[in-house]
Amino acid sequence: MLYHLLYPLHTTFSAFNVFRYITFRTIYASLTAFLICFFLGPWVIRKLAGLQVGQYIRQDGPESHRKKAGTPTMGGILIIAAVVSSTLLWADLSDYFVWICLEVMLGFGLIGFMDDYLMLIKKRNKGLSGRQKILFQSVLALVTGYLVYSCPDFNTKVTIPFIKKLSPDLGVGYVFFAAFVVVAASNAVNLTDGLDGLAIGPVTIAAATYMMFAYVAGHVKIANYLQIHYVARAGELAVFCGALAGAGLGFLWFNAYPAQIFMGDVGSLSLGAALGTVAVITKQEIMLALVGGLFVIEALSVIFQVGFFKLTKGGRIFKMAPLHHHFELKGWPEPKVIVRFWIIAIALAMVSLSSLKLR
Ligand code: 57M
């Protein structure tokens, strides 16, 4: 909005020229989203506590989680509000990619909200059924895939990380591929969100990484120099990713161990889906499995555990899945698991960024 209001005045006030730059708007989008979370956080926590929006804790979980009962949840509402308002304030709103990302954030946020809300009124740790959740997610993700596919000049080639010459063209199949990436990312972040700050830390790291991917993909000279797919107008997603990263940091302030608030499904589903959408638009789709490698590891731990459990009628590979519970049950203190998982996420982000040069 500020871009549309203030940039045209640069002929009179030359200082307003700065609104033209994606870099400038990205930095301020991050700061705005951070400050919204930081200042509204205490109020939101009080409100949610007042409304008795508290977490129900599963009885079959690690003992250490019992004391978390009643922690206000659905903090994702604050994250979404911060990301959406900051993006509306700083992004170039004539960019259709920005609107697609906002649609995903709000749409998946709504699915998560329904899940959290049902959990609250049923007063137990189960909201929507697994099938309902996956159905709603798939429909929304297919719509999103189609919207991206229909954008002018959007190419349907897939980038294979670290391999320059191979870039298969999926044609209309890209819609399904994009939907898969979005749904997988949404669920993987959701599975990871089981310890204080465990999901929001790596989400912030991934958002910051994609902020750079978006900037380079949308810059014709840099994209050509690095020999990556140039995606006209994708640069504006750096502003959106900046807002995601800023809101993530602001939320982490309150979600850090011992958490004063959880994000709920409204947060985890929307953040994962938003990352998936950015990955698709910036043509770093498969790279998300590396940038968000931690989410992949967590999701795989569940797939293997459940598969092995069914196959052997009760056998287990891990003490408990997702993987963070395994380490907790091995006796690692919660903060140690969290910080070590963050370290892995940072290392994976660095390897991912190196792909811009190593191809
Ligand atoms: C949601 N939700 C947390 C909070 C958060 C198929 C199966 C593996 C699914 C999986 C599952 O349901 N995962 C998705 C995970 C819950 O957190 C709420 O949910 C939101 C995210 N969706 O924002 O509102 C609990 O996580 C803890 N938490 C924190 N700090 C945070 O910042 O400590 C969350 C955020 C909270 C709190 O305790 O209550 C969750 O874990 O429920 N299911 C599981 O993860 C379960 N695993 C399992 O059943 N494993 C079996 C299977 C695979 C064979 C096994 O290994 O034997 C575990 N979940 C829990 N306890 N709570 C089992 C033990």
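Just so you know, ligand 1 is whichever comes first in the structure, and atom 1 is the first atom listed for that ligand.
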(message) Could you measure the distance from the OG atom of Ser352 to the OH atom of Tyr210? Nearest 0.5 Å is fine.
(response)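 Rounded to the nearest 0.5 Å, the OG-OH separation comes to 7.5 Å.
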
(message) Please list, in number order, the atoms of ligand 1 under 4.0 Å from a heavy atom of His65.
(response)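 By the 4.0 Å cutoff, the relevant atoms are 27 (C), 33 (O), 37 (C), 38 (O).
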
(message) Closer than 4.0 Å to some heavy atom of Val306 - which atoms of ligand 1 meet that?
(response)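 Listed by number with element, the hits are 53 (C).
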
(message) Tell me whether ligand 1 is touched by Ala259 - counting only heavy atoms on the residue side and a distance under 4.0 Å.
(response)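 Outside the 4.0 Å threshold, so no.
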
(message) Checking contacts here: is it the side chain or the backbone of Asn255 that comes within 4.0 Å of ligand 1, counting heavy atoms only? Could be both or neither.
(response)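 Only the side chain of Asn255 comes within reach of ligand 1.
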
(request) Determine whether the side chain, the backbone, both or neither of Met263 has a heavy atom under 4.0 Å from any heavy atom of ligand 1. (result)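 Near ligand 1, Met263 shows its backbone as well as its side chain.
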
(request) Among all protein heavy atoms, pick out the one at the shortest distance from atom 31 (C) of ligand 1; state its residue, atom name and that distance to 0.1 Å. (result)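 Among all protein heavy atoms, the one nearest atom 31 (C) of ligand 1 is Phe262 CD2, 3.3 Å.
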
(message) Set out, in order, the CA-CA distance, both residues' side-chain angles and the distance that settles salt bridge (Lys or Arg N to Asp or Glu O under 4.0 Å) for Asp92 and Arg233, then state yes or no.
(response) CA-CA 10 Å; Asp92 170 356; Arg233 316 214 69 181; 3.5 Å; yes

(message) So that I can tick it off, tell me whether Glu236 and Arg25 are bridged by a salt bridge, with the cut-off set at under 4.0 angstrom between side-chain N and carboxylate O.
(response)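 Looking at Arg25 and Glu236, the cut-off is met.
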
(message) Polar contacts were defined as any N/O atom of the residue lying under 3.5 Å from an N/O atom of the ligand; does this apply to Ala321 and ligand 1?
(response)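 Yes, Ala321 has an N/O under 3.5 Å of an N/O on ligand 1.
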
(message) Is there a polar contact between ligand 1 and Gly194, counting only N or O atoms under 3.5 Å apart?
(response)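 Yes.
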
(request) Out of His325, Met119, Gln55, indicate the one that has the non-hydrogen atom closest to atom 41 (O) of ligand 1. (result)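 Considering heavy atoms of His325, Met119, Gln55, the nearest to atom 41 (O) of ligand 1 sits in His325.
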
(request) Measure from the side-chain N and O atoms of Ser186 to the backbone N and O of Val183, and report whether any donor-acceptor pair falls under 3.5 Å. (result)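 Absent.
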
(message) I'd like to know if the side chain of His4 and the backbone of Met1 have a donor-acceptor N/O pair within less than 3.5 Å.
(response)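 No; zero donor-acceptor contacts below 3.5 Å.
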
